[in-house]
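Take a look at the structure set out below.
Both counts, for ligands and for their atoms, begin at 1 and track the order of listing. It should be emphasised that the depicted structure is a prediction, and the values quoted were computed from it without experimental measurement.
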Amino acid sequence: MALLEIDNIDVFYGDLQVIGNLSLSIEEGGITSIVGANGAGKSTLMNCILGEIKPRKGKILYKGENIASLKTFEIVERGIALVPEGRGLFPFLTVEENLILGAVSKEAKSKTRENLERVYSLFPRLQERLKQRAGSFSGGEQQMCSIGRALMAEPDVILLDEPSLGLAPIMVKTVVETIERLAENGYTIILVEQNVMTSLRISKKGYVLQEGRVVMEGLGTELLEHEELRKSYLGV
Ligand code: ATP
């Protein structure tokens with residue numbers, strides 16, 4: 001059985017249907033990419049998995065349980081964390097205060113100190129600057145902080161929405177390496193990236209979304225070779 005199974009969901013904003021009959025299946029471990037043009041519904045899908053938007057129809061099965069109607073904190077408690085588009089940090093709080101906010105469940109809260117140490121060993125740069133306000137950080141450092149905050153929830157699954165958006169090329173490389181490292185450490189990663197080539201290269205599986213529907217799916221390496229996809233999204 002898949003770890004996360006999206007089963008035939010419809011999602012609306014008011015009368016506007018953004019996702020229709022969408023199904024996809026995420027196996028445990030590794031990176032799965034969701035790619036597609038602007039407005040295809042990628043962020044909506046991520047927010048829907050996290051319970052911030054409710055599907056009007058369909059199921060979201062996580063470890064066999066339908067989580068589609070649960071509240072966001074209940075979903076985070078079950079093991080899914082989001083690194084949102086735009087990082088979502090509180091700029092006037094320090095790095096450490098931002099990180100601590102990621103510990104949502106009682107269990108994660110009780111392990112705050114040891115989880116902070118784990119985040120600092122992954123991102124030593126954050127430890128050097130833990131008392132500084134997050135807003136004073138570069139985009140790349142803020143992304144590390146946002147990923148660190150997700151780890152504080154002790155997730156099994158990490159959703160990353162456009163993690164390299166707006167970053168300098170050198171930082172994009174660091175973020176990509178970080179995501180690969182998280183996958184090597186056993187986290188299941190769902191990655192939405194405008195950088196389609198890079199994200200498919202590091203993914204075991206990819207889904208292509210168009211107007212809220214899955215129009216293509218396959219192994220990352222297969223999709224990279226797909227002529228239509230290369231023309232539409234890779235400009236090749
Ligand atoms: P992008 O890469 O631009 O973020 P995306 O694939 O993530 O694109 P979404 O942000 O999910 O796409 O948006 C899908 C559609 O839903 C778009 O047409 C968008 O205008 C619309 N939309 C998104 N958020 C809202 C909202 N809060 N209210 C109404 N419409 C919305």
Side-chain angles (χ1 to χ4, degrees), residues 4-26 31-60 62 67-72 75-76 80-89 139-140 142-143 146-147 150 157-169 171-172 175-176 179 188-203 205-218 220 223-224 226 228-236:
L4 182 67
E5 188 95 43
I6 314 282
D7 182 13
N8 216 9
I9 60 167
D10 282 355
V11 184
F12 288 74
Y13 292 109
D15 290 337
L16 176 70
Q17 181 162 16
V18 174
I19 288 179
N21 291 328
L22 186 144
S23 295
L24 53 86
S25 181
I26 311 280
I31 302 168
T32 302
S33 274
I34 315 279
V35 303
N38 285 346
K42 306 179 298 294
S43 297
T44 301
L45 173 61
M46 298 297 240
N47 291 324
C48 198
I49 295 171
L50 206 73
E52 284 170 351
I53 306 165
K54 303 293 175 206
R56 196 176 280 189
K57 175 188 117 219
K59 291 185 193 149
I60 301 178
Y62 179 60
I67 58 169
S69 58
L70 295 185
K71 298 198 164 63
T72 297
I75 294 170
V76 177
I80 304 179
L82 172 71
V83 179
E85 186 171 353
R87 341 276 184 235
L89 298 174
Q142 289 191 19
Q143 191 55 263
S146 187
I147 293 172
V157 178
I158 305 176
L159 315 176
L160 290 136
D161 195 355
E162 303 276 16
S164 76
L165 194 68
L167 299 185
M171 276 321 299
V172 172
V175 166
V176 169
I179 295 167
T188 300
I189 308 285
I190 305 178
L191 176 63
V192 165
E193 246 306 327
Q194 33 136 23
N195 198 333
V196 175
M197 187 95 81
T198 305
S199 69
L200 289 178
R201 186 176 53 72
I202 64 171
S203 292
K205 194 162 180 196
Y207 287 90
V208 183
L209 252 59
Q210 196 177 315
E211 294 176 5
R213 287 176 164 74
V214 174
V215 291
M216 227 182 275
E217 65 178 273
L223 291 178
L224 269 179
H226 200 285
E228 205 179 310
L229 184 94
R230 289 168 72 84
K231 275 194 203 134
S232 312
Y233 298 103
L234 307 180
V236 181

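- The closest donor-acceptor contact from the side chain of T32 to the backbone of K205 lies at 3.5 Å or more, if one exists at all.
- Distance from atom 15 (C) of ligand 1 to its nearest protein heavy atom, with residue and atom name: V18 CG1, 3.5 Å.
- Closest approach of S146 and V83 over heavy atoms only: OG-CG1, 3.4 Å.
- If you check which protein heavy atom lies closest to atom 22 (N) of ligand 1, you get Y13 CE1, 3.4 Å.
- Across I67 and I49, no two heavy atoms sit closer than the pair CD1-O, 3.9 Å.
- Residue contact annotation: G41 has a non-hydrogen atom under 4.0 Å from ligand 1.
- Those atoms of ligand 1 with a heavy atom of A37 less than 4.0 angstrom away are 6 (O).
- For atom 1 (P) of ligand 1, the nearest protein heavy atom (residue, atom name, distance) is G39 N, 3.8 Å.
- Heavy-atom minimum distance, L209 versus V215: C-CG2, 4.5 Å.
- Atoms CG and CG, on L50 and L159 in that order, are 6.0 Å from each other to the nearest 0.5 Å.
- Near E85, meaning under 4.0 Å from one of its heavy atoms, ligand 1 places the atoms 4 (O).
- Looking at E162, its side chain does come within 3.5 Å of a backbone N or O of Q194 through a donor-acceptor pair.
- Side chain of S199 to backbone of E193: no donor-acceptor contact under 3.5 angstrom is found.
- Counting atoms of ligand 1 from 1 in the listed order, those under 4.0 Å from a heavy atom of E162 are 2 (O).
- Counting protein heavy atoms only, atom 9 (P) of ligand 1 is closest to T44 OG1, 3.6 Å.
- Closest to atom 10 (O) of ligand 1 among all protein heavy atoms lies S43 CB, 3.7 Å.
- The nearest protein heavy atom to atom 20 (O) of ligand 1 is not closer than 4.0 Å.
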